Trainee: 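Just dropping this structure here.
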Amino acid sequence: MSETKARQLNNYIRLPMSLLSLFPLGQAYVLGDVFSFTGKGNACRRTYKSFGSRTGNSRATVARALSKGKAKGLIMQDKEKGYVFNLDKVKGDKFLRVLDWIITEEFTVRKGEKRRLLPSERTVYTFIYTRCDNMKSRTKSCIVSISEIAEAVGLSERTVQRARWTLIRAGLIYCSLKDKGVNAYKKSRYTLNYKLIRAH
């Protein structure tokens, strides 16, 4: 299956959560991209530039990610399939679904400031999105505390708090005052901007 066809069928990066504790965010995204295109007849034959554009990283970050991934036995290069992820290394692992457009699109994060999301911001959004879009859940909401998100994705509570406010200002997630926890250890209830998701 070609990469173009695979992207049409799978328009997100599957990011194993264990990678977040092993690598910096940018490198984890690159390895998650290899993971997404391993198996089911997919091929991951691409340049550093195409890795970078898909994952929102520089060429240097892509190079470090692939080098470290090989050194740890997580990935290998195959003549036919390109980069291949060793699925045994993450067997049974939970993964986050990183939407393509959340990496490449610019959002209004403050009055007069429009930019792409930082890696920490898109990771927090991805965590909430994955929880909300769980097919087993009927509520389509994510009830979690700042500290729980921080622990799950390997970020500080302060970074998660800042990312959360950025996502709310950008209109990507909603959290009403009555649903907001009183501190980092109390759970808040988040919902997604589904209108924006459907538009993509």
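Numbers for residues simply follow the sequence, beginning at 1. No experiment lies behind these values; they were computed from the predicted model shown.
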Trainee: Going by distance alone, is a donor N or O of one side chain under 3.5 Å from an acceptor N or O of the other, for T159 and S156?
Mentor: yes
Trainee: Yes or no on side chain to side chain contact (heavy atoms under 4.5 Å, CB included) for I13 and I103, after CA distance, side-chain angles and deciding distance?
Mentor: CA-CA 10 Å; I13 293 172; I103 296 173; 4.1 Å; yes
Trainee: Pick out which of I102, T166, L167 makes a side-chain contact (heavy atoms from CB on, under 4.5 Å) with F107.
Mentor: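 Testing each of I102, T166, L167 against F107, the sole residue satisfying side-chain contact (heavy atoms from CB on, under 4.5 Å) is I102.
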Trainee: Could you walk me through whether M76 and N86 pass the side chain to side chain contact (heavy atoms under 4.5 Å, CB included) test, one step at a time?
Mentor: CA-CA 8 Å; M76 59 168 282; N86 182 352; over 6 Å; no
Trainee: Output the distance between atom CG (L155) and atom CD1 (I149), rounded to the nearest 0.5 Å.
Mentor: 9.5 Å
Trainee: Backbone N or O of R97 within a donor-acceptor pair of the T130 side chain at under 3.5 Å?
Mentor: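 Indeed, once roles are kept as given, a pair shorter than 3.5 Å links the two residues.
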Trainee: Yes or no on salt bridge (charged side-chain N to carboxylate O under 4.0 Å, His left out) for D33 and R46, after CA distance, side-chain angles and deciding distance?
Mentor: CA-CA 11 Å; D33 196 23; R46 62 174 68 111; 2.4 Å; yes
Trainee: Establish, for the pair R64 and F23, whether the NZ or CZ atom is under 6.0 angstrom from the six-membered ring centre and no further than 45 degrees off its axis.
Mentor: no
Trainee: If you take all heavy atoms of L74 and K89, which pair is closest and at what distance?
Mentor: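 So the minimum-distance heavy-atom pair works out to CD2-CB, 3.5 Å.
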Trainee: Any side-chain heavy-atom pair from Q27 and K68 closer than 4.5 angstrom?
Mentor: yes
Trainee: Is it the case that R54 places NZ or CZ above or below the six-membered ring of Y29, under 6.0 angstrom from the centre and within 45 degrees of the axis?
Mentor: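 The answer is no; the distance or angle limit is not met.
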Trainee: Please give me the minimum heavy-atom distance between R189 and I143, naming the atom from each residue.
Mentor: CG-CG1, 4.0 Å
Trainee: Verify side chain to side chain contact (heavy atoms under 4.5 Å, CB included) between V84 and I75, making sure each step is shown before the conclusion.
Mentor: CA-CA 5 Å; V84 178; I75 62 172; over 6 Å; no
Trainee: Might you work through the side-chain hydrogen bond (donor to acceptor under 3.5 Å, both in side chains) test for R131 and Y190, ending with a clear yes or no?
Mentor: CA-CA 10 Å; R131 286 280 191 94; Y190 302 98; over 6 Å; no
Trainee: Are S145 and K186 side-chain neighbours, meaning at least one heavy-atom pair lies under 4.5 Å?
Mentor: no
Trainee: Do you know the tightest heavy-atom contact between K70 and Y83?
Mentor: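 Distance-wise, the nearest heavy atoms are CE-CE2, 4.1 Å.
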Trainee: Give me each pair satisfying salt bridge (charged side-chain N to carboxylate O under 4.0 Å, His left out) with a member in residues 147-160, each pair once, sequence neighbours excluded.
Mentor: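 Pairs touching residues 147-160 that pass the test: E148-K187.
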Trainee: Would a 4.5 Å heavy-atom cut-off, applied to side chains only, mark R116 and E105 as touching?
Mentor: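 No, every pair of side-chain atoms sits at 4.5 Å or beyond.
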Trainee: Hey, quick one: are W101 and V124 part of the same hydrophobic cluster, counting side-chain heavy atoms closer than 4.5 Å, chains of contacts allowed?
Mentor: yes
Trainee: Check which hydrophobic residues are tied to F95 through side-chain heavy-atom contacts below 4.5 Å, counting indirect links as well, and list them.
Mentor: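 Result for F95 is none, singleton.
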Trainee: Side chain of T38, backbone of F85: donor and acceptor closer than 3.5 Å?
Mentor: yes
Trainee: When you look at I128 and L192, which way does the side chain to side chain contact (heavy atoms under 4.5 Å, CB included) test go after all the steps?
Mentor: CA-CA 8 Å; I128 293 171; L192 300 171; 4.1 Å; yes
Trainee: How far does CD of E106 sit from NZ of K114, to the nearest 0.5 angstrom?
Mentor: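 Output value for this atom pair is 6.5 Å.
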Trainee: We want to know whether S53 and S50 form a side-chain donor-acceptor pair, criterion being a heavy-atom distance below 3.5 angstrom.
Mentor: no
Trainee: Can you confirm whether more than 12 heavy atoms, excluding those of Y194, are under 6.0 Å from its OH atom?
Mentor: yes
Trainee: State whether the number of non-hydrogen atoms from other residues, nucleotides or ligands found under 6.0 Å of W165 atom CH2 is greater than 12.
Mentor: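 12 or below, so no.
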Trainee: Does one hydrophobic cluster hold both Y174 and I197, with members joined at side-chain heavy-atom distances below 4.5 Å?
Mentor: no
Trainee: Could you tell me if the side chain of Y48 sits less than 4.5 Å from the side chain of L66, heavy atoms only?
Mentor: yes
Trainee: Can you confirm whether L196 sits close enough to L172 that some side-chain heavy atom of one is under 4.5 Å from a side-chain heavy atom of the other?
Mentor: yes
Trainee: Given E113 and K111, is the salt bridge (charged side-chain N to carboxylate O under 4.0 Å, His left out) satisfied, shown in steps?
Mentor: CA-CA 6 Å; E113 184 185 353; K111 189 176 181 180; over 6 Å; no
Trainee: Does S67 reach the main-chain N or O of A63 with its side chain, forming a donor-acceptor pair under 3.5 Å?
Mentor: no
Trainee: Kindly check if the number of other-residue, nucleotide or ligand heavy atoms within 6.0 Å of CD (E80) is above 12?
Mentor: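 Atom CD in E80 is not packed in, count stays at 12 or less.
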Trainee: State, to 0.1 Å, how close C175 and R164 come at their nearest heavy-atom pair, and which atoms those are.
Mentor: SG-NH2, 3.5 Å
Trainee: Measuring from atom OG1 of T55 to atom CG of L25, what distance do you get when rounded to the nearest 0.5 angstrom?
Mentor: 11.5 Å
Trainee: With sequence neighbours left out, which residue pairs that include part of residues 21-32 fulfil the salt bridge (charged side-chain N to carboxylate O under 4.0 Å, His left out) condition?
Mentor: none
Trainee: For C142 versus C132, what's the shortest heavy-atom pair and its separation?
Mentor: N-SG, 3.4 Å
Trainee: When clusters are formed by joining ILVMFWY residues with side-chain heavy atoms under 4.5 Å apart, either directly or through shared neighbours, do L96 and L118 land in the same one?
Mentor: no
Trainee: Which heavy atom in V90 sits nearest to a heavy atom in F35, and how many Å separate them?
Mentor: CG2-CE1, 3.5 Å
Trainee: Using a 3.5 Å distance criterion without hydrogens, assess whether the side chain of T61 forms a donor-acceptor pair with backbone atoms of N57.
Mentor: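 No, because the side chain of T61 does not come within donor-acceptor range (under 3.5 Å) of the backbone of N57.
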